[in-house]
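Remember, it's 1-based here, ligands and their atoms both numbered in the order they're listed.
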Amino acid sequence: MKLLIKNGKIINSNKLFIADILSIDGKITKVKKNISTKNIDKIIDATGKLVFPGGIDPHVHMHLPTHAGYSSDDFYTGSRAALFGGTTTLIDFVTPHKGQLLCDALDERDKEAANSLIDYSFHISPVEWRSTLKKEIKKCIKKGITSFKMYMAYKNSIGLEDDDIYKVMKIVGEYGGIITLHCELGDEIEELRNSFAKENKLTPEYHCQSRPAELEALAVNKAIKLAKKANCPLYIVHVSSKKSLKYIKKAQDKGQTVLAETCPQYLMLDKSKYTGDFYKVAPYIMSPPLRKQKDTKALWKAISDGVVQTVGTDHCPFTLQQKKAGIDDFRKIPNGAGGVEHRLALLYTYGVLEKKITIQQFVNITSTNAAKIFGLYPRKGEIAIGSDADIIIWNPNIKNTISTNIHHQNCDSNIYEGISTKGAPEYVIVNGEIAVANGKMLKKIL
Ligand code: URP
Ligand code: ZN
Ligand code: ZN
């Protein structure tokens with residue numbers, strides 16, 4: 001398949017220019033002006049449009065098992081929603097059962113992801129310490145997975161003690177990988193949750209109160225120290241608070257490799273969402289919880305200053321019926337919300353158009369940086385000769401209003417309900433094939 005995109009304004013991580021792009025059989029083969037139109041299967045005129053490398057979402061949880069059932073998007077519906085929003089690569093998680101070898105869990109998860117419409121990769125989570133981990137981690141790295149995710153929270157299921165986190169960091173550092181870490185102090189949060197419960201404070205707002213910003217920031221500080229001692233690069237997932245950013249910046253200024261991710265929900269929404277009746281509040285129950293407006297402002301600034309490198313969605317939706325598992329006890333509400341479909345439009349509208357970030361920062365945080373951090377670059381994350389033809393042709397004039405009625409995420413609520421956006425993908429090209437055109441799916445349904 002030969003696809004030619006004419007006259008688009010190409011936005012790469014460090015360059016902005018008008019040119020044509022030729023893709024042959026899924027790879028970009030030419031990027032220059034006036035490419036011949038002879039023997040081309042399909043030509044798209046991108047005059048007046050922006051052309052971005054396909055979005056890479058470095059943090060999604062498709063088909064995640066919980067006590068309330070699986071998160072409501074599987075790899076098929078979730079990748080479909082991602083495509084409509086301009087994301088062409090997902091990085092999800094492998095979470096082994098206790099006792100299961102990391103590579104076995106990876107193979108199992110790979111099968112679950114086989115119905116994805118787009119490329120994907122994984123972070124692998126050691127959920128317990130064992131002496132064979134060194135060998136297992138080495139094997140995963142050999143298979144091309146370099147990122148290992150651990151949780152300081154959720155200690156009664158997948159979270160690890162600090163000593164064990166340190167031991168894993170040492171191994172991963174030694175083998176040239178990276179640790180991604182959920183930073184919230186698990187024991188202190190557990191104590192707060194249980195003390196609220198004892199006082200019969202069981203409504204959803206106590207989810208937020210039991211996970212204060214201080215406990216995220218203290219975890220971030222602790223993680224930075226552990227990673228320094230272990231000599232291991234650290235990527236902190238879903239940073240939500242201004243206090244955490246202070247520790248991250250301090251470490252970065254001292255030359256430590258500490259990278260940070262935030263999510264659209266922490267940039268767009270605040271804790272005022274935690275007032276009201278259960279069904280209104282439950283969709284916003286996530287960890288970390290939404291914070292104050294001063295935190296959202298600090299996060300935008302941190303992107304602009306280069307302290308935060310990526311924006312992932314932490315896409316993990318649950319239906320209202322699933323959220324209802326915690327109607328009598330906030331501790332039982334499955335944590336997480338959807339957003340994979342809206343990341344680019346929100347960051348473009350409220351970041352680029354409101355001049356909080358530049359258009360090149362937009363490309364960096366939605367695509368290039370994740371590709372570089374997680375070993376996908378230059379195959380992904382750039383419009384360049386030899387790269388995968390994952391390309392977004394962005395119409396800056398399309399206006400939308402986000403709504404459960406029209407979204408493609410498999411969920412009966414949307415945390416961005418009613419928010420307007422300007423700018424949307426007119427074409428989404430995946431491996432050289434047009435997957436979405438003018439809001440319609442063209443890619444073969446599996
Ligand atoms: O509430 C959230 N974020 N759920 C997904 C799991 C996690 O902690 O990232
Ligand atoms: Zn997390
Ligand atoms: Zn997550």
Side-chain angles (χ1 to χ4, degrees), residues 57-74 78 82 90-95 109 120-127 147-160 165 179-186 189-190 193 204 206-208 210-211 213 215-217 219-220 223 234-241 244 259-269 271 273-274 281-291 310-319 322-323 325-326 330-340 343 370 374 409 411 413 415:
D57 191 331
H59 189 156
V60 298
H61 301 272
M62 305 303 174
H63 197 62
L64 175 80
T66 74
H67 66 283
Y70 288 97
S71 56
S72 57
D73 265 318
D74 63 13
L90 301 173
I91 312 184
D92 204 292
F93 297 85
V94 176
T95 313
R109 191 75 173 140
Y120 58 87
S121 181
F122 294 113
H123 312 277
I124 300 185
S125 286
V127 293
S147 164
F148 297 85
K149 162 85 180 283
M150 290 185 286
Y151 297 82
M152 296 173 94
Y154 313 136
K155 280 204 191 166
N156 52 9
S157 54
I158 52 176
L160 273 81
I165 289 176
I179 288 293
T180 63
L181 202 60
H182 175 130
C183 292
E184 287 185 299
L185 291 185
I189 285 170
E190 208 45 41
R193 278 155 62 89
Y206 291 103
H207 170 82
C208 168
S210 64
R211 307 185 95 93
L215 293 186
E216 178 189 295
V220 164
L234 176 65
Y235 174 100
I236 302 171
V237 300
H238 51 45
V239 174
S240 69
S241 81
S244 299
L259 305 165
E261 166 199 279
T262 190
C263 312
Q265 55 268 37
Y266 303 120
L267 294 163
M268 296 294 304
L269 309 171
K271 61 188 278 188
K273 296 287 181 195
Y274 294 125
V281 173
Y284 300 92
I285 297 301
M286 60 184 80
S287 296
L290 300 173
R291 306 291 189 198
T310 66
V311 178
T313 56
D314 200 1
H315 180 83
C316 190
F318 294 96
T319 62
Q322 290 178 295
K323 291 273 182 187
F330 73 89
R331 295 173 297 172
K332 295 184 186 146
I333 304 172
N335 283 204
V340 73
R343 184 176 64 124
F374 298 115
Q409 300 172 159
C411 192
S413 66
I415 57 171

(message) Report the atom name of the nearest N/O/S atom of D314 relative to the Zn ion (ligand 3).
(response) OD1
(request) Using a strict cut-off of 4.0 Å, indicate which atoms of ligand 1 neighbour a heavy atom of H61. (result) 5 (C), 6 (C), 7 (C), 9 (O)
(message) For H315 and D57, which I'm curious about, is there any donor-acceptor pair between the side chains at under 3.5 Å?
(response) no
(request) Looking at H59, pick out the N, O or S atom nearest to the Zn ion (ligand 3) and give its name. (result) NE2
(message) Using a 4.0 Å cut-off to any heavy atom of Y154, which atoms of ligand 1 qualify?
(response) 6 (C), 7 (C), 8 (O)
(request) Specify whether an N/O/S atom of H182 falls short of 2.8 Å from the Zn ion (ligand 3). (result) no
(message) Can you confirm whether the side chains of S240 and R291 place a donor and an acceptor under 3.5 Å from each other?
(response) yes
(request) Using distance alone, determine whether K149 and ligand 1 share an N or O pair under 3.5 Å. (result) no
(message) Show the nearest heavy-atom pair for residues V281 and P204, with the distance to one decimal.
(response) CG1-CB, 3.6 Å
(message) Please evaluate residues E190 and K155 with respect to the criterion salt bridge (charged side-chain N to carboxylate O under 4.0 Å, His left out), reporting the C-alpha separation (whole Å), side-chain torsions for both, the decisive distance (0.1 Å), and the verdict.
(response) CA-CA 9 Å; E190 208 45 41; K155 280 204 191 166; over 6 Å; no
(request) Give the numbers and elements of all ligand 1 atoms closer than 4.0 Å to a heavy atom of H238. (result) 8 (O), 9 (O)
(request) For D314, take its heavy atoms, then give the atoms of ligand 1 lying under 4.0 Å from any of them. (result) 2 (C), 3 (N), 5 (C), 9 (O)
(request) Give the minimum heavy-atom separation between S147 and T180, together with the two atoms involved. (result) OG-CG2, 3.3 Å
(request) Nearest heavy atom to atom 2 (C) of ligand 1 wins, so pick from P288, C263, S287. (result) S287
(request) Taking the Zn ion (ligand 3) as the reference point, name the nearest N/O/S atom of H61. (result) NE2
(message) Looking at Q409 and P317, would you say the former's side chain and the latter's main chain have a donor-acceptor pair under 3.5 Å?
(response) no
(message) Taking N, O or S atoms only and a limit of 2.8 Å, check whether H238 reaches the Zn ion (ligand 3).
(response) no
(request) Would you name the heavy atoms of P58 and E261 that are closest together and state the gap between them? (result) CG-OE1, 3.9 Å
(request) Under 4.0 Å, heavy atoms only, figure out whether ligand 1 is touched by the backbone of N335, its side chain, both or neither. (result) both
(request) Please could you name the atoms of ligand 1 that M286 approaches to less than 4.0 Å, counting only its heavy atoms? (result) 1 (O)
(request) For residues Y266 and S287, report the shortest heavy-atom separation together with the two atoms involved. (result) OH-C, 3.8 Å
(message) I want to know whether H61 and H63 have ring centres closer than 6.0 Å.
(response) no
